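A short write-up of the structure that comes next.
As a basis for the values below, the full set of heavy atoms in this structure was taken, side chains included, without hydrogen atoms, waters or symmetry mates. Here the structure is a predicted model, which means the values were calculated and not measured.
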Amino acid sequence: MILAKRLDRYLLRHFFLALILVGISCEIVFVLINVVERLSRFIDNQVPLETIAQYYVFYSGWVIRNFFPIFVLLATLFSIAILARRNELLAMRSTGRSLYRIAAPILLVTLGLSFGHFYYNEYIYPPIAERYQELKAFAVEKKSKRSFTTVSNIRRQIQPGHYFTIGTFDTERQQGQDIRVYRSEQD
């Protein structure tokens, strides 16, 4: 039984090492691609280096949100492939363990990682995404805050046959202008 626990730790050590290497290398690739795409915008808008660093910290959160399942898949494939290449899987099978038993620790850990990723997407990522969007809009692209607080040409259906329109709406003051209510006989 102690041997099985030691074997599980060995498999998980290989898996987590592969996960860290895949995650870091892919993160670097995504950040470098984004730097190349946005470099002219950073220079044109004279964005300070500190703001660029903050931008990429929050951008990393977006990469983790979108690509973590792929990182886990690649880490699983790499760790198992390395074990097979070194004939360690063959040695494990020769002791009488099934492939299901060998894969069980990685399967359980990936199940736990999927629940952790769900928690990250629902509770940790939304404030990161909000800050990322603020940095992108106001610091990098130099948009005015007024363009985000004023909404134009709003049209909504109140109930069948009844509609209203608002010409402009200020979200900070919660005030609208040019409000009209319509009733249609066709609905």
Side-chain angles (χ1 to χ4, degrees), residues 7-89 92 99 102-152 169-172:
L7 182 63
D8 293 343
R9 285 194 305 264
Y10 180 75
L11 290 169
L12 291 177
R13 186 172 64 234
H14 277 284
F15 171 74
F16 282 117
L17 180 65
L19 182 62
I20 290 168
L21 290 175
V22 165
I24 289 173
S25 60
C26 289
E27 186 80 35
I28 289 171
V29 168
F30 285 120
V31 166
L32 286 176
I33 289 170
N34 195 275
V35 165
V36 170
E37 286 178 357
R38 298 199 183 274
L39 188 59
S40 63
R41 195 171 294 153
F42 291 146
I43 293 170
D44 291 344
N45 293 330
Q46 298 174 349
V47 180
L49 197 57
E50 179 182 318
T51 305
I52 293 172
Q54 282 181 337
Y55 174 82
Y56 282 110
V57 166
F58 294 116
Y59 179 78
S60 296
W62 176 84
V63 170
I64 291 170
R65 177 185 180 268
N66 288 312
F67 296 102
F68 187 74
I70 296 170
F71 297 165
V72 171
L73 175 67
L74 289 174
T76 303
L77 293 174
F78 287 156
S79 62
I80 297 296
I82 289 171
L83 291 173
R85 184 173 174 216
R86 294 180 186 165
N87 292 325
E88 293 178 52
L89 279 180
M92 290 176 213
L99 286 176
I102 294 169
I106 293 176
L107 181 65
L108 290 174
V109 166
T110 55
L111 186 64
L113 287 174
S114 66
F115 284 117
H117 187 59
F118 177 77
Y119 180 80
Y120 174 79
N121 283 340
E122 294 298 319
Y123 299 105
I124 297 172
Y125 179 69
I128 293 172
E130 184 178 335
R131 184 69 178 127
Y132 169 70
Q133 291 299 330
E134 286 176 6
L135 277 172
K136 182 179 176 185
F138 304 131
V140 176
E141 296 174 356
K142 299 290 186 185
K143 293 183 180 177
S144 70
K145 291 192 179 191
R146 179 167 167 67
S147 65
F148 286 91
T149 60
T150 304
V151 182
S152 301
F169 184 77
D170 188 345
T171 59
E172 286 182 343

* **Considering all heavy atoms, the nearest L83-H14 contact** => CD2-CD2, 4.1 Å
* Hey, do the aromatic rings of F118 and F115 have their centres closer than 6.0 Å? -> no
* Structure fact -> Sorted by chain and number, sequence neighbours left out, side chain to side chain contact (heavy atoms under 4.5 Å, CB included) with I24 holds for I20, I28
* Asked: Can T51 and F138 be said to form a side chain to side chain contact (heavy atoms under 4.5 Å, CB included), step by step?
  -> CA-CA 11 Å; T51 305; F138 304 131; over 6 Å; no
* **Sequence-distant partners of F58, ring-ring contact (aromatic ring centres under 6.0 Å, His included), two or more places apart** => none
* Asked: How many angstroms lie between atom OH of Y59 and atom CD1 of I128, to the nearest 0.5 angstrom?
  -> 14.5 Å
* Structure fact -> All heavy atoms of S79 vs all of I106, minimum pair found to be OG-CD1, 4.3 Å
* Could you list all the salt bridge (charged side-chain N to carboxylate O under 4.0 Å, His left out) pairs where at least one residue sits in residues 69-88, not counting sequence neighbours? => R86-E88
* **side chain to side chain contact (heavy atoms under 4.5 Å, CB included) partners of E37, counting only residues at least two apart** => I33, N34
* **Residues N66, F30; criterion side chain to side chain contact (heavy atoms under 4.5 Å, CB included); working and verdict** => CA-CA 11 Å; N66 288 312; F30 285 120; over 6 Å; no
* Could you give all pairs that pass the salt bridge (charged side-chain N to carboxylate O under 4.0 Å, His left out) test and reach residues 124-134, with sequence neighbours left out? -> R131-E134
* Structure fact -> Residues at least two apart in sequence or cross-chain that pass side chain to side chain donor-acceptor pair (under 3.5 Å) with Y55, listed by chain then number, are R38, Y132
* To do: Identify, with sequence neighbours excluded, every residue that meets side chain to side chain donor-acceptor pair (under 3.5 Å) alongside S60.
  => E27
* **Pairs where residues 102-115 contributes a residue and the test side-chain hydrogen bond (donor to acceptor under 3.5 Å, both in side chains) is met, not counting sequence neighbours** => none
* Looking at L89 and A84, what are the two nearest heavy atoms and their distance? -> CD1-CB, 3.8 Å
* Asked: Of all residues at least two apart in sequence or in a different chain, which pass the ring-ring contact (aromatic ring centres under 6.0 Å, His included) check with Y123?
  -> Y119
* For atom CG of L49, decide whether the heavy atoms of other residues, nucleotides or ligands shown that lie under 6.0 angstrom number more than 12. => no
* To do: Please identify each residue that fulfils ring-ring contact (aromatic ring centres under 6.0 Å, His included) with F16, with sequence neighbours left out.
  => none
* Asked: What pairs with R65 under salt bridge (charged side-chain N to carboxylate O under 4.0 Å, His left out), at least two apart in sequence or on another chain?
  -> none
* Residues that L74 engages under side chain to side chain contact (heavy atoms under 4.5 Å, CB included), provided they are two or more places apart -> V22, I70, F78
